[in-house]
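In the text below, chain A, chain B and the rest are named by the order of the sequence lines, each starting its count at 1. Side chains included, hydrogens not; waters and symmetry mates left out as well; all remaining heavy atoms used. These figures come from a predicted structure and were not determined experimentally.
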2 protein chains.
Amino acid sequence: MKGRQVTIKDIAAELGISASTVSRALKDHPDISVETKKAVNELAAKLNYKPNVLALSLRQSKSKIIGVIIPELIHHFFSSVISGIDDLAYANGYSVMIAQSNESFEREVNETQVMLSSRVAGVLVSVSKKTKDFAHFQMLEDNGIPVVFFDRVSKEMKMDKVVVDDFDGAYKAVDYLIKTGCKRIAHYGTSMHLLIGKNRHNGYLHALFKNNIPIDDSLIFKCDDYDEAWYLTEKLVKSGNMPDGIFAVNDITAIGALQAAKHMGLRVPEDISIVGFTNGRISTMSDPPLTTIEQHGYEMGQIAVRILLNRLEKDEEEHEPETRVIKTDLIVRDSTKKIS
Amino acid sequence: MKGRQVTIKDIAAELGISASTVSRALKDHPDISVETKKAVNELAAKLNYKPNVLALSLRQSKSKIIGVIIPELIHHFFSSVISGIDDLAYANGYSVMIAQSNESFEREVNETQVMLSSRVAGVLVSVSKKTKDFAHFQMLEDNGIPVVFFDRVSKEMKMDKVVVDDFDGAYKAVDYLIKTGCKRIAHYGTSMHLLIGKNRHNGYLHALFKNNIPIDDSLIFKCDDYDEAWYLTEKLVKSGNMPDGIFAVNDITAIGALQAAKHMGLRVPEDISIVGFTNGRISTMSDPPLTTIEQHGYEMGQIAVRILLNRLEKDEEEHEPETRVIKTDLIVRDSTKKIS
DNA sequence: GTGAATTTCGCAAACGTTTGCGATGACGTT
DNA sequence: AACGTCATCGCAAACGTTTGCGAAATTCAC
């Protein structure tokens, strides 16, 4: 059963014609007679011929593969982005090669080498938390491989990006907290060297400012996962310096805070309101279900692919980098009070 | 900036030697003098030379790409499997090409064609719910591309498989419910034409049998998602025919039941105990956190890769299909009572 | 100094495909 | 009869790499 795969030459030999004729016949070239075309197509179907894309790619020195580099596959947000990428890529005849950096800079660099080696058509990437040097991506561009960044981006890169409007999303979240009566709102945020962290932070600040609420630095924390949120929230309750609202940088963190608060005897949302960010599957599963910000990951993936494809078919010499911003939506559930 | 990529010929030309010498120098062939090797390696580093794997794969008619076909990327379980696949593949110098069938049979067939066209080294697949005909996978094998199935498999396929011990997992879950005092245990199950559904169902039955509890058909339901579980549980409570334990086929379903039960005024686990299956991220986020069965998705991915790689390096003519069964673990949380 | 052994390298073919160009033959036109 | 015009097809090169084989050049032993 260990069969070689059938090639154009096999068809040519069986039919007693040349490989070039078979090639042309298969793509309906006008130079080929109808009978020959018919014979070729029939035999090709019978032998279950599939073109060898390796040879094809080698010939025209470009492949139909889109590379994707992400920090971690298991995050719901990233898998929804990839889902969007895969669907649109598939619809356009491209395949998707994935590589997770596992938040390791070395591995991320290594993956870019692999992408280069594989001569992918282009690369979509969300950088790892540790990445502060972007030379490896520039290297891809220098070798003619377009790069489009999504979600996790950096300001200094002058390349195509598609990001979520984190500032506005954070603003909406905090503004809603205020509108529902919260006066002392904490922010559980992530590292500031990622734009995403900075922008959400600024959105938070802006909402306070717009509503004439003074900024209280003692309510702003670096805290971006479940366990940290548990610990921090527990400590806050014990300290007696409890806020009446929390805006967390992601759903996991929000739920950590939510559960800790409940565990400490607080009622959500009566005693404290909590808002997350991402609208992952888990946000509907908590008790109460979490008010959060929808990031439209699937659409983000599709847009990234579209930008890449556009650039590939344009094939221009110089390219003006573009930044696409995706609007967020506030999803109101029961971890916040209603607007009265 | 739109640069061609550096090839072995470029190095050869610049150094005034032949391409074959460069090739041999790069892989430390003994035929090449130390000085030449040094010169080649230095220039290769300077020019940032990366071998073109397309050409390489074409030459030895086999690539270093592992294809993966799955129903849906966004399921936590599948993304953890892929994570395991990717990590081990990466460690062995392979890349991973993914393709989601979106539970569509046509697309699944199509993806196998793409895999064949891409001349991948092997394919790992979890079949779609709609797949009842496996000819397209046999076609891959006939063309010399090994296939390893995981999780969603079918009995009649005589190929390599790696599955979770669903029967035993279900048994453990239900047995635990019984040991903690439940007498009337419902099963929210999935379609029986997937082995996974049948095995979990049988595990449920076996646990009842072993504990001398009569089987009550009115407690067995086809119900495998969040909304269905909500609706069904609500109906059960209203009917007054409420069970005191539920074994659900997955976490999502379990949480749907859990929330509906709470919403109807029942206490979990005092009035009703609930066990899920998968141990996804969400199972820690519900209130109370869900008792469930750990499926070891990450390990499953790694094992699938290992089976594939073994087969690739063996390269034997005839191959005896192997089935690996992964043991599950019961994860006890607070949606069930304690053993007294 | 001769022959043999050894070191170091290049030639060319091959993987499967595409494509510019030229070749062949049939046919029609003068 | 001589020519041009088509329609149909094949040759060969190219993409980047590996590798068997042979060819130089050098070294060694006598």
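For Ser33(A) and dC9(D), the shortest distance from a side-chain N or O to OP1 or OP2 is below 4.0 Å.
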Given protein heavy atoms under 4.0 Å, the one-letter contact record of nucleotides 16-28 of chain D, with B base, S sugar-phosphate only and - none, is simply BBBBB--------
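Between Leu15(B) atom CG and dT8(C) atom C1' the separation is 15 Å, expressed in whole Å. Rounded to whole Å, atom C1' of dT8(D) lies 15 Å from atom CG of Asp28(A). The interatomic distance linking His29(B) (NE2) with dC9(C) (P) rounds to 12 Å, in whole Å.
A side-chain donor from one of Gln100(B) and Ser83(A) sits under 3.5 Å from a side-chain acceptor of the other. In summary, the side chains of Asp10(B) and Tyr49(B) do not present any donor paired with an acceptor at a separation below 3.5 Å, with no hydrogens or angles considered. Using modelled atom types, one finds no donor on one side chain facing an acceptor on the other under 3.5 Å when comparing Lys50(A) with Gln5(A).
Applying the 6.0 Å contact sphere to NZ of Lys62(A) captures no more than 12 heavy atoms from other residues, nucleotides or ligands. In this structure, Arg324(B) places its CZ atom where only 12 or fewer heavy-atom neighbours from other residues, nucleotides or ligands lie under 6.0 Å away.
Using a 4.0 Å heavy-atom cutoff across all strands shown, Ser57(B) reaches no nucleic acid atom at all. Across all strands shown, Ile17(B) has heavy atoms under 4.0 Å from sugar-phosphate atoms exclusively, and none from any base.
Side chains of Val81(A) and Val68(A) form no contact here, defined as non-hydrogen atoms less than 4.5 Å apart.
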